[in-house]
There are 2 protein chains.
Amino acid sequence: MSYTLEDIARLAGVSRSTVSRVVNNHPNVRPAVRERVWEVIHQVGYQPHAAARSLATNRTNVIGLVIPEAVSTLFTDPFFSLLIRGITDGCYARNYHLMLALFSTPAQEEDLYNRLLRSRYLDGVVLASTRLDDPLVGRLLSDGIPFVSIGRHPDPRVSYVDVDNVAGARMAVDHLIRLGHTRIGTITGPLNMSAGADRLEGYKQALQAHHIPVDEQLIVEGDFTEGGGLASMARLLSLDPRPTAVFVASDTMAMGALRAVRQAGLRVPQDISLIGYDDVPQAAFLDPPLSTVRQPIQRLGETAAHVLVDLITHGQDHAQRLVLMPELVLRQTTARL
Amino acid sequence: MSYTLEDIARLAGVSRSTVSRVVNNHPNVRPAVRERVWEVIHQVGYQPHAAARSLATNRTNVIGLVIPEAVSTLFTDPFFSLLIRGITDGCYARNYHLMLALFSTPAQEEDLYNRLLRSRYLDGVVLASTRLDDPLVGRLLSDGIPFVSIGRHPDPRVSYVDVDNVAGARMAVDHLIRLGHTRIGTITGPLNMSAGADRLEGYKQALQAHHIPVDEQLIVEGDFTEGGGLASMARLLSLDPRPTAVFVASDTMAMGALRAVRQAGLRVPQDISLIGYDDVPQAAFLDPPLSTVRQPIQRLGETAAHVLVDLITHGQDHAQRLVLMPELVLRQTTARL
DNA sequence: TTGTACGCGTTATCAT
DNA sequence: ATGATAACGCGTACAA
């Protein structure tokens, strides 16, 4: 069996309260006593019982990563792997743990919300890639559950951590323009996600800044999947004249786009320039290696965890908003016109 | 604030025990009473407090997914995304939840082991892709923590769920032989993981069954990464004569291999046939679409969760071992010699 | 079938 | 600075 506070107290010849103080670093304990208690603790390998602690403190030291049903098909995108990595790192640094909440169906969403949140498994929640109009946001807000969104959200009450998507897209398209391209297409993300909408906005801003008219024909909405990227690229290639460069709003879609170009018997970057978004690990291994906008995905997750834990512990009354900066990574899918 | 058993009891005009019985589906409750209690519960949206319950029952209804430091660099492989998906589905079906334990360093491994397991956050653990000699196994065993390994493990006490890697590799290599190839190379996984060792074994068995001598030169050890696949393939291509077909032990490595072939100015499958392993979602979108061995990864995870929960609840005394079957998926990277 | 009472391991309040 | 004691919310013998 395993030890309790009581056991440690007996072994160290003090009371349970004192041991508790030692474990929780309370100031009022005589150094000599503190030391002896620690010694016993290490000797027997005592670890406080999480559930008992939770019951007493009303905190679990666990947060959840919520991935809504709407984006669960995107889950195999390396973006999420990196995000998860970052979040766990952030958690561990703050003595927190991460629980997963992947929704597959609306019914599951309802069920899990009750099971995880209302039964107080979690102290708070990281919301990944939610749609702008996701009802989950309102619910968390009204239930007073601390949460932070990955990606901008318009409601003034929600805290979020984001990468500047408008700036990232601008950087990408600016570069294409610098290379002499003027007929530049884009494959967007879902426009009801802030990342999708913002990258499109950046695309437009870059064009306008250079007095290039925005041609709606050159804008095709994608879905952040490889298959979607392939189909969207095929559409762009069927245009006449076709674009000489395309800004693709995610690396995963860019992989599909690359294949569409090849299927059409064209070459990248000689016939058409391509630039992706994310810089997932695969990007450097594509053929040719993909130029892209690097997002600090892992740091994004880490930051989200930290912000959330702060929200939980210091109970901020006003929303926290943080935006990180992306950077352009030039490889071999872009060429002078 | 939120309701407790006591509140529900008062509102329904019964005692706390009765409400507890209703919630836990104990038989001895008069139907009329049961119904009235449920009504109150639904009306006020009562949810039992997880921590309180854990303290009383000594069970948390949470399991952990442990990804050892050794394989944490592989974490972005879609294999893990699919596995996680499967595990969560399996958990939800059994009223369980999933917590992540991703180790980055040995120190973290030690720390997390204490924080997660010894403080009883978890009822049990799924061990992913552990090396055959991982000390974690011995520790879990001696601490009596229920766990199931993803992938075969030699110790008779450990439960595992696996896909038949020997059979899968045999299927793949058999097919290459059927196409007329005899000079067949392989890029293996890490040979200290069962998946790596077993797929190599299957490769050898297939050759031997057809009386083709095993040539050690044609066997190069990979690491399940894309970069590793690229480098290993380059080595195989430098052989003289070079192999006419290669069995690559993971799709991710196959992506790298594909690129190595292209860099060498060769074509797949005209100059060299390739066959991968896993059938990750990307495989169908590669250029050309990858022939591969499909693993039911998601079902693997789901099954692991079920086995683990059974282990936890029924406390099996003997280890559970389950092996699922892979299947060959022929696309366009294999051709007759 | 239902209710009473105790225990689960901790934290926190209040004396001392 | 330390110790007794009352919560925290639930499950469960045991009694009725």
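Residue numbers start from 1 in every chain, and the chains themselves are labelled A, B, ... in the order their sequence lines are given, proteins ahead of strands.
As rounded to whole Å, 10 Å separates atom P of D:dA1 from atom CZ of A:Arg34. Rounded to an integer number of Å, the gap from CD of B:Glu6 to C1' of D:dC10 is 11 Å. Distance CZ (B:Arg10) to C1' (C:dG3): 17 Å, rounded to an integer number of Å. When the C1' atom of C:dT2 is taken as reference, atom CZ of B:Arg30 falls 9 Å away, rounded to whole Å. A straight line from CG of B:Asp7 to C1' of D:dC8 spans 13 Å, rounded to a whole angstrom. Rounding to whole angstrom units, CG of residue B:Asn58 and P of C:dT10 are separated by 12 Å. Atoms CG (B:Leu55) and P (D:dC8) sit 14 Å apart, rounded to a whole Å. Per the geometry, CD1 belonging to B:Ile8 stands 16 Å off C1' belonging to D:dG11, to the nearest Å.
The side chain of A:Val29 sits closest to D:dT2 out of D:dT2, D:dG11, C:dT2. Comparing D:dG9, C:dG9, D:dG11 by their nearest atom to the side chain of A:Ala52 picks out C:dG9. Nearest nucleotide to the B:Ala56 side chain, out of C:dT11, C:dG7, C:dG3: C:dG7. Ranking C:dT10, D:dG9, D:dT2 by closeness to the A:Arg16 side chain, first place goes to C:dT10. In the set C:dT4, C:dC6, D:dT12, C:dT4 carries the atom at the smallest distance from any side-chain atom of B:Ser15. Side-chain proximity of A:His26 to the nucleotides D:dA1, C:dA12, D:dC10 is greatest for C:dA12. Of the candidates C:dG9, D:dG11, D:dG3, D:dG3 carries the atom nearest the A:Val14 side chain, counting heavy atoms from C-beta on.
Heavy atoms of A:Thr4 sit under 4.0 angstrom from primed sugar atoms or phosphate atoms, though from no base atom. Using a 4.0 Å heavy-atom distance criterion, B:Leu5 is classed as a sugar-phosphate-only contact.
A donor and an acceptor atom sit less than 3.5 Å apart, one in the side chain of B:Ser17 and one in the base of C:dT4. Side-chain atoms of A:Arg21 come within donor-acceptor range of the base of D:dG3, with a qualifying N/O pair under 3.5 Å.
Between A:Arg53 and the phosphate of C:dG9, there is no side-chain N or O to OP1/OP2 separation shorter than 4.0 Å. Remark: B:Ser20 is in phosphate contact with D:dG11, judged by side-chain N or O atoms under 4.0 Å from OP1 or OP2. A sub-4.0 Å separation between OP1 or OP2 of D:dC10 and a side-chain N or O of B:Tyr46 is present. A close approach under 4.0 Å does not occur between any side-chain nitrogen or oxygen of A:Asn28 and OP1 or OP2 of D:dT2.
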Steps toward side-chain contact (heavy atoms from CB on, under 4.5 Å) verdict (A:Val23, A:Tyr46): CA-CA 10 Å; A:Val23 169; A:Tyr46 164 78; 4.2 Å; yes
Between B:Tyr96 and B:Asp123, is the side chain to side chain donor-acceptor pair (under 3.5 Å) condition met? List the steps. CA-CA 10 Å; B:Tyr96 259 75; B:Asp123 290 345; 3.1 Å; yes
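Other residues, nucleotides and ligands place more than 12 heavy atoms under 6.0 Å from the CZ atom of A:Arg59.
Partner A:Arg94 forms a side chain to side chain donor-acceptor pair (under 3.5 Å) with one of A:Asp89, A:Asn61, A:Asp310 and no other, that one being A:Asp310.
In this structure, B:Arg139 forms a cation-pi arrangement with B:Tyr113, its terminal cationic atom sitting closer than 6.0 Å to the ring centre and no more than 45° off the ring axis.
The nearest heavy atom of DNA chain C to B:Thr18 and to A:Val23 marks one nucleotide each, and the one closer to the 5' end goes with B:Thr18.
With rounding to the nearest 0.5 Å, the separation of NE2 in A:His153 from CG in A:Leu141 is 8.5 Å.
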